[in-house]
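Each remark here refers to the structure printed beneath this line.
The structure presented is a predicted model; accordingly, all values stated were derived computationally and were not measured. Read the numbers this way: they start at 1 and go in the same order the structure lists the ligands and their atoms. Numbers here are sequence positions counted from 1.
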Amino acid sequence: MTDTSRKNQKHKTAMEKQKVVVDARIEQASDERGVAVLLTGNGKGKSSSAFGMVLRALGYGQKVGVVQFIKGQQLSGEEIFLRDQLPQVAFFQMGTGFTWDTQDRSADITAAEKTWAFAESLLRDPAFDLVVLDELTYMLAYSYLDETKVIDAITTRPREQSVVVTGRGGGSALREVMDTVAEVKDIKHAFAAGIKARKGVDY
Ligand code: ATP
Ligand code: MG
């Protein structure tokens, strides 16, 4: 047996073993319902992952809602696309108020509550298959929104509806009620090396 054919055989055996394990897991997963996903951590990729799920859902003709809890200084590609080219997606962005250099806490809270009211209407509507709550965690971290109220809305949403929450932190109570919690770890970021934020990549 040559070295290559030995490697190929080893790979085949490993794959077969893995298939047995994966098939058994698929067999075991019998609960069919919407999932609650939290994407957190300090690395890049939380919001863009959420928008990846938006694409997936749209591919199946599902009904999608996107709520952004932070108005960036910078317009983003996803915002432009949602507003101008995807009228079928319900989109709401916290227009005024909270930014990183905010000075006016009470105006922020008003804006956060108005944005939350829209989010809550989606979380009550069984017509929506997927609801993205982008940067929601900061509203909890700053106590702009009541955590119990947010968790209640997430846990009592329609059974078939999935929800994706993004943002650093998130708190243990939120993590507890989410089905999938993934943390994006920061290994390095171009920005730290002095590379400017890039259109289509960073915003
Ligand atoms: P993205 O929208 O690219 O998926 P994100 O949602 O994980 O990023 P946010 O904290 O919401 O991260 O920040 C969004 C912006 O900040 C993006 O332009 C992103 O490239 C940048 N960013 C994210 N993580 C880091 C980091 N660790 N250092 C510097 N900039 C970052
Ligand atoms: Mg983000």
Side-chain angles (χ1 to χ4, degrees), residues 35-59 64-86 89-103 105 108-109 111-116 118-120 122-123 128 130-145 147 150-151 153-154 162-175 177-203:
V35 291
V37 179
L38 172 64
L39 301 170
T40 188
N42 297 332
K44 170 180 162 50
K46 301 174 289 294
S47 298
S48 39
S49 167
F51 288 106
M53 281 178 262
V54 168
L55 274 188
R56 286 184 170 170
L58 291 175
V64 176
V66 174
V67 186
Q68 290 193 303
F69 282 88
I70 284 185
K71 180 181 168 53
Q73 310 283 47
Q74 178 83 57
L75 197 67
S76 67
E78 61 267 26
E79 181 186 342
I80 296 167
F81 194 54
L82 285 170
R83 274 199 214 289
D84 301 347
Q85 290 176 62
L86 284 176
V89 174
F91 178 64
F92 191 97
Q93 191 190 64
M94 198 160 95
T96 52
F98 191 91
T99 60
W100 291 117
D101 53 4
T102 185
Q103 304 291 329
R105 190 178 148 83
D108 284 353
I109 292 174
E113 275 172 352
K114 196 175 150 209
T115 312
W116 174 251
F118 184 81
E120 211 170 26
L122 301 182
L123 292 170
F128 282 90
L130 178 70
V131 176
V132 173
L133 306 174
D134 193 30
E135 321 296 349
L136 173 69
T137 57
Y138 303 102
M139 304 299 108
L140 304 176
Y142 285 86
S143 299
Y144 285 0
L145 294 176
E147 188 184 52
V150 168
I151 286 176
I154 289 173
S162 294
V163 59
V164 183
V165 174
T166 82
R168 294 174 194 205
S172 56
L174 182 65
R175 289 179 183 208
V177 300
M178 305 303 277
D179 302 301
T180 296
V181 178
E183 188 171 20
V184 186
K185 187 179 170 197
D186 183 38
I187 307 289
K188 64 174 174 176
H189 194 286
F191 189 67
I195 304 172
K196 279 194 173 172
R198 189 79 175 161
K199 197 180 265 183
V201 174
D202 293 301
Y203 64 91

Test your reading of the structure: does G43 have an N or O sitting under 3.5 Å from an N or O of ligand 1?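 Such a contact does occur with ligand 1.
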Looking only at distance, does S47 have an N or O less than 3.5 Å from an N or O of ligand 1?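 Between S47 and ligand 1, an N or O pair is found under 3.5 Å apart.
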[Y] and [X], any side-chain heavy atoms less than 4.5 Å apart:
X: V165; Y: I154; result: yes
X: L75; Y: R83; result: no
X: K185; Y: I187; result: yes
X: L133; Y: V150; result: no
X: D202; Y: H189; result: yes

Go through ligand 1 atom by atom and flag the ones less than 4.0 Å from a non-hydrogen atom of [X].
X: R168; result: 10 (O), 24 (N), 25 (C)
X: D186; result: 27 (N)
X: E135; result: 11 (O)
X: S48; result: 1 (P), 2 (O), 3 (O), 4 (O)

Pick one: which of M139, M94, E120 meets side-chain contact (heavy atoms from CB on, under 4.5 Å) with T115?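 With T115 as partner, side-chain contact (heavy atoms from CB on, under 4.5 Å) holds for just one option, M94.
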Tell me the protein N, O or S atoms under 2.8 Å from the Mg ion (ligand 2), in chain and number order.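 Listed by chain and number: S47 OG, E135 OE2.
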Would you call the rings of F118 and F92 parallel, tilted or perpendicular if under 30° counts as parallel and over 60° as perpendicular?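 Plane angle under 30°, so parallel.
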Kindly write out the residues that satisfy side chain to side chain contact (heavy atoms under 4.5 Å, CB included) with E78, not counting sequence neighbours, or none if the list is empty.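 Here the qualifying residues are F51, Q68, S76.
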Using the test side chain to side chain contact (heavy atoms under 4.5 Å, CB included), find all partners of S48 that sit at least two apart in sequence or belong to another chain.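 Partners of S48 by the side chain to side chain contact (heavy atoms under 4.5 Å, CB included) criterion, ordered by chain and then number, come out as K44.
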Taking only residues two or more places apart in sequence or in another chain, which ones pass side chain to side chain donor-acceptor pair (under 3.5 Å) with R175?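 Once residues adjacent in sequence are excluded, R175 has no partner under the side chain to side chain donor-acceptor pair (under 3.5 Å) criterion.
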So is G45 touching ligand 1 or not, going by heavy atoms under 4.0 Å?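 Contact present.
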Does only the side chain of K46 get under 4.0 Å from ligand 1, or the backbone, or both, or neither? Count heavy atoms.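 Both backbone and side chain.
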Under-4.0 Å heavy-atom contact with ligand 1, by part of N42 that carries it: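 Backbone only; the side chain of N42 stays clear of ligand 1.
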